[in-house]
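Note that this is a predicted model, so its numbers are computed, not measured.
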Amino acid sequence: TNNNQGIQAIAFSRDGQTLAHAMRGESRILVWDVETWEVRYILEEHSRAIQAIAISPDGKILASSGEDGKIHLWDMGTGKLLGSIKGYGTIVFSPDGQQLVSVAEDNVIQLWQIYGSVIEQ
């Protein structure tokens, strides 16, 4: 994609087979198969621009934060939305993939516990 806006967020899967990115100002994420360079999924649930993307260490979940104040969790196998939580800005998975760190509106760091496709604060 070349719209002269630049890339806002980008993430590689640990196995190097998947790349996800969002262009600056856009609310969709393109998920690529690195071997074929074909788009696997276009993820479009955010109502405002994407701020950050993270892929879990096991490559099963993609998290995206947006200016809409939501963090969406996506199934990397199907491209389906698993759920949403409140938060924005930088997001990161713990090394074991069992937790996700985000930021609340008041700049408080939030720690989310992930149980398969279920997430709890």
Evaluate the side-chain proximity of [Y] to [X]: yes if any heavy-atom separation is below 4.5 Å, no if none is.
| X | Y | result |
| --- | --- | --- |
| I91 | V101 | no |
| W74 | E45 | yes |
| V108 | V103 | no |
| V31 | L43 | yes |
| I71 | L100 | yes |
| L62 | M76 | yes |
| R14 | P57 | yes |
| L19 | I10 | yes |

Could you tell me which non-hydrogen atom of [X] sits nearest to which non-hydrogen atom of [Y], and how far apart they are?
| X | Y | answer |
| --- | --- | --- |
| A20 | I29 | CB-CG2, 4.1 Å |
| G87 | Q110 | CA-OE1, 4.0 Å |
| G77 | Y41 | O-OH, 2.5 Å |
| Q17 | R40 | O-NH2, 3.3 Å |
| Q51 | A9 | O-CB, 4.0 Å |
| I55 | G59 | CG2-CA, 4.0 Å |

Salt bridge K80-D75, side-chain N to carboxylate O under 4.0 Å: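 Salt bridge between K80 and D75, a charged N being under 4.0 Å from a carboxylate O: no.
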Atom [atom1] in [X], atom [atom2] in [Y]: separation rounded to 0.5 Å?
| X | Y | atom1 | atom2 | value |
| --- | --- | --- | --- | --- |
| K70 | K86 | NZ | NZ | 9.5 Å |
| L82 | I85 | CG | CD1 | 11.5 Å |
| L73 | S64 | CG | OG | 8.0 Å |
| S13 | K60 | OG | NZ | 13.5 Å |

Please tell me whether T18 and W32 have a donor and an acceptor in their side chains that are separated by less than 3.5 angstrom. no
Main-chain N/O of Y88 paired to S65 side chain as donor or acceptor, under 3.5 Å: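 Flag not set: sc S65 to bb Y88 has no pair under 3.5 Å.
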Hey, is the main chain of R24 close enough, under 3.5 Å, to the side chain of Q8 for a donor-acceptor pair? no
Should the ring pair H46 and H72 be called parallel, tilted or perpendicular, given that the plane angle runs from 0 to 90° and is split at 30 and 60?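 Tilted: the ring planes of H46 and H72 meet at 30° to 60°.
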Consider only side-chain heavy atoms of I, L, V, M, F, W and Y, link residues closer than 4.5 Å, and tell whether V34 and V39 are in one cluster. yes
Hydrophobic clusters here meaning ILVMFWY residues chained together by side-chain heavy-atom distances under 4.5 Å, can you tell me if I7 and I50 are in one?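 Different clusters: I7 never reaches I50 through Ile, Leu, Val, Met, Phe, Trp or Tyr contacts under 4.5 Å.
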